[in-house]
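For the numbers below, each heavy atom of this structure counts, side chains included, while hydrogens, waters and symmetry mates do not. Naming: A, B, ... by sequence-line order, numbering from 1 per chain.
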Amino acid sequence: MSTFKGLAILEINKDAKFTIPEDNLDKIVWLDGTTPIAKSDIEKKEKELEDKDKENKKTKVSGLRKMNLTDAEIELIYPDLKDSL
Amino acid sequence: MPLSKIQAESMNLADTYAFTGTISGAGGLLQTVVSNQLTTWEQSASGNSWTDINPGSGVWEATITPSATNSVIIVYLYFGFIRPHTANGAYGGAIRIQRKIASGSYGNVTDNYGAGSGSSWRGLCMTSQEAAGEYKQGLACPPLVDTSHNTTSVLTYKPQIIGHSSGYGTHRINSGHSSENVGGYATRVITRMILEERSP
């Protein structure tokens, strides 16, 4: 499951006010008169952010390996990079 | 009725005493209200203005009706988990509590202690602070002590949140991850507001 739902919405409309209960876009509540954004548009942007995040992590891992860190050391220092090793 | 002074050793502590009046002068607990938030949610929070905390079922508020105008209301706010969530990872946020009397307008009770610095606002606690590209968890919120309500009308308290700097982002509450039941980091937890009325 993605952790980029809220960020995807803000990438589309940085002034959007909302709450996403239970990480479920079907339950989203738009606040303060925010114009709703289509679920398909949010999911599309979410995928873009996920891909960008994966690329960023790969770049970071590559840089750390060039510094002669082993994968075990990288995982120990940066647990969030575990899936990019 | 003549006043009788009773020493502690003269009382049978195994007996049950039914007081019908008000106990004052000892900071006695008069009533307690508990409001829980059990769902998990992610909500937007800009760094430009304070945002009501809303789990999706409406603005989170808790109410209490004081029994005396000079009683003390203590508001305890506990987040089982709250953390900024942004694309770049490490950002901060702050929490404050507002109060309204009856159907009046909300005001920042925290500001009873003065502004933060000059014209800046004062919060009650921070959700986190950025530190070397990583999150650094904020400490627990100190209790809010409201001695200025001066009413026996209903009091409503609501927490608000503000995000990092002038940027925008979201906060995740009650769960650190969108997945659940995959380990401690993705455990669903409880957020709770407790209102206590105490005698002055």
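- To the nearest 0.5 Å, atom OG1 of residue B:T170 and atom CZ of residue A:F4 are 10.5 Å apart.
- Two different hydrophobic clusters hold B:I95 and A:L31 under the rule that ILVMFWY side chains link at heavy-atom gaps under 4.5 Å.
- In this structure, the separation between CG on A:D32 and OG1 on B:T51 is 7.5 Å, given to the nearest 0.5 Å.
- Atoms CG and OG, on A:D15 and B:S44 in that order, are 10.0 Å from each other to the nearest 0.5 Å.
- B:I73 and B:Y106 fall into different hydrophobic clusters, defined by Ile, Leu, Val, Met, Phe, Trp and Tyr side-chain heavy atoms under 4.5 Å apart, directly or through other members.
- The minimum heavy-atom distance linking A:P21 with B:W41 is given by the pair CA-CB, 3.9 Å.
- Atoms OG and NZ, on B:S49 and A:K17 in that order, are 5.0 Å from each other to the nearest 0.5 Å.
- Clustering ILVMFWY residues whenever any of their side-chain heavy atoms sit less than 4.5 angstrom apart, transitively, puts B:V34 in a cluster other than the one holding B:V59.
- A continuous path of ILVMFWY side-chain contacts below 4.5 Å connects A:I12 to A:I20, so both sit in one hydrophobic cluster.
- Counting all heavy atoms, side chain and backbone alike, B:E42 lies closest to A:D23 at OE1-OD1, 4.2 Å.
- In the model, A:E22 has a side-chain atom that pairs as donor or acceptor with a side-chain atom of B:T39 under 3.5 Å.
- Looking at A:K14 and B:S46, their side chains never come closer than 4.5 Å, going by heavy atoms from C-beta outward.
- When the candidates A:L10, A:I28, A:V29 are compared by the number of heavy-atom contacts under 4.5 Å with chain B, A:L10 comes out ahead.
- Looking at A:I9, neither its backbone nor its side chain comes within 4.5 Å of chain B, counting heavy atoms on both sides.
- Under the 4.5 Å side-chain heavy-atom criterion for grouping Ile, Leu, Val, Met, Phe, Trp and Tyr, B:V33 is connected to B:Y157 within one hydrophobic cluster.
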